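Step one of this worksheet: look at the structure below.
Position 1 is the first residue of the sequence, and the numbers go up from there. Since the structure is predicted, the reported quantities are computational estimates derived from the model, not experimental observations.
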Amino acid sequence: MISLTDSQKIGMGLTGFGVFFLFFGMILFFDKALLAIGNILFVVGLAFVIGLERTFRFFFQKHKMKATSFFLGGVFVVLIGWPIVGVILEFYGFFLLFRGFFPVVIGFIRRIPVLGYLLNFPIISGVSFIQQGDKKCTVFYLFCNYYYIRIL
């Protein structure tokens with residue numbers, strides 16, 4: 001079992017509530033207030049979980065500046081009142097920030113009994129994460145009838 005400090009436990013709760021509010025805000029037709037609360041709780045919860053210094057180091061690395069600007073710009077756009085545009089910017093920034101973690105997460109999920117079975121269906125298993133040589137960026141490939149279509 002992983003032992004967490006009290007601040008990390010608080011951070012997990014804040015992050016969980018942030019994800020809940022973001023999801024609930026999107027279900028309620030992009031409600032500005034819920035999305036703004038969800039954004040703030042998510043970012044603050046992340047800072048509590050990994051620490052303030054490590055959060056700044058993660059977001060403000062030189063090669064992640066584009067992703068950080070999209071993500072934080074999306075948060076800002078939601079806060080000023082354009083929720084749909086802001087959420088699109090956030091999702092793009094989130095994908096760019098965390099794309100290195102997606103293969104690890106998919107590998108972990110494939111080991112969970114029910115979810116692993118679902119991920120091994122032919123259509124779903126065709127989407128794979130492949131690391132490109134020196135660039136180390138994740139690319140989605142969809143394999144259909146021995147052909148691949150590059151999505152990103």
Side-chain angles (χ1 to χ4, degrees), residues 1-27 30 34-75 77-78 83-144 147-152:
M1 188 101 180
I2 299 173
S3 66
L4 298 173
T5 64
D6 287 339
S7 65
Q8 288 176 327
K9 290 177 187 175
I10 292 170
M12 293 294 288
L14 289 173
T15 304
F17 277 118
V19 170
F20 171 75
F21 278 108
L22 286 171
F23 179 71
F24 199 58
M26 284 187 274
I27 286 177
F30 294 94
L34 291 174
L35 290 172
I37 291 169
N39 284 327
I40 292 168
L41 288 176
F42 179 78
V43 173
V44 170
L46 187 65
F48 268 87
V49 170
I50 65 175
L52 196 58
E53 181 183 345
R54 289 178 66 192
T55 302
F56 279 115
R57 275 192 283 155
F58 175 77
F59 277 108
F60 296 108
Q61 295 175 6
K62 187 174 182 178
H63 66 280
K64 291 185 179 180
M65 288 305 290
K66 176 182 169 185
T68 300
S69 62
F70 272 105
F71 182 74
L72 296 179
V75 170
V77 169
V78 166
I84 296 174
V85 175
V87 168
I88 291 170
L89 291 174
E90 281 180 44
F91 279 149
Y92 182 65
F94 184 83
F95 174 75
L96 291 178
L97 277 171
F98 296 102
R99 65 182 169 191
F101 297 118
F102 290 143
V104 174
V105 170
I106 294 296
F108 176 75
I109 291 174
R110 285 188 192 271
R111 294 182 189 169
I112 298 173
V114 175
L115 295 177
Y117 176 75
L118 293 175
L119 286 177
N120 286 328
F121 280 141
I123 294 173
I124 298 173
S125 67
V127 177
S128 63
F129 297 88
I130 299 172
Q131 296 268 338
Q132 285 184 348
D134 294 333
K135 294 181 183 178
K136 294 188 181 197
C137 63
T138 306
V139 179
F140 290 86
Y141 283 95
L142 177 62
F143 294 92
C144 299
Y147 297 104
Y148 66 88
I149 302 168
R150 185 170 179 181
I151 295 175
L152 290 174

Residues, nucleotides or ligands: over 12 heavy atoms within 6.0 Å of R57 CZ:
yes

Test side-chain contact (heavy atoms from CB on, under 4.5 Å) applied to F108 and I112, step by step:
CA-CA 7 Å; F108 176 75; I112 298 173; 3.9 Å; yes

So which of F91, F98, F59, F95 actually passes side-chain contact (heavy atoms from CB on, under 4.5 Å) with F71?
F59

With a cut-off of 3.5 Å and sequence neighbours excluded, list every side-chain donor-acceptor pair involving residues 37-47.
{"from": "N39", "atom 1": "ND2", "to": "L35", "atom 2": "O", "distance (Å)": "3.1"}
{"from": "N39", "atom 1": "ND2", "to": "E90", "atom 2": "OE2", "distance (Å)": "2.9"}

A quick test of your reading: do over 12 heavy atoms of other residues, nucleotides or ligands sit less than 6.0 Å from CZ of F58?
yes

Interatomic distance, M65 atom CE to L72 atom CG [nearest 0.5 angstrom]
9.0 Å

Calculate, to the nearest 0.5 Å, the distance between atoms CG and CZ belonging to L119 and R111 respectively.
13.0 Å

Would you compute the distance between atom CZ of R110 and atom CG of L115 and round it to the nearest 0.5 angstrom?
11.5 Å

Report the distance from atom OG1 of T55 to atom CG of L52, rounding to the nearest 0.5 Å.
6.0 Å

Mind listing the closest non-hydrogen atom pair of M26 and V87 along with its distance?
SD-CG1, 4.0 Å

I109 side, atom CD1; F102 side, atom CZ - distance, nearest 0.5 Å:
10.5 Å

Would you say that more than 12 heavy atoms from the other residues, nucleotides or ligands in this model lie under 6.0 Å from the CZ of F48, or not?
no

Looking at every non-hydrogen atom in both residues, tell me the closest pair between K66 and L96 and how far apart they are.
CE-CD1, 4.2 Å

What pair of heavy atoms forms the shortest contact from L4 to K9, and how long is it?
O-CE, 3.5 Å

Which of parallel (below 30°), tilted (30 to 60°) and perpendicular (above 60°) describes F21 and F17?
tilted

One should read off an interatomic distance between M12 CE and I10 CD1, to the nearest 0.5 angstrom, of 13.0 Å

Sequence neighbours excluded, the answer for ring-ring contact (aromatic ring centres under 6.0 Å, His included) partners of F70 is Y92

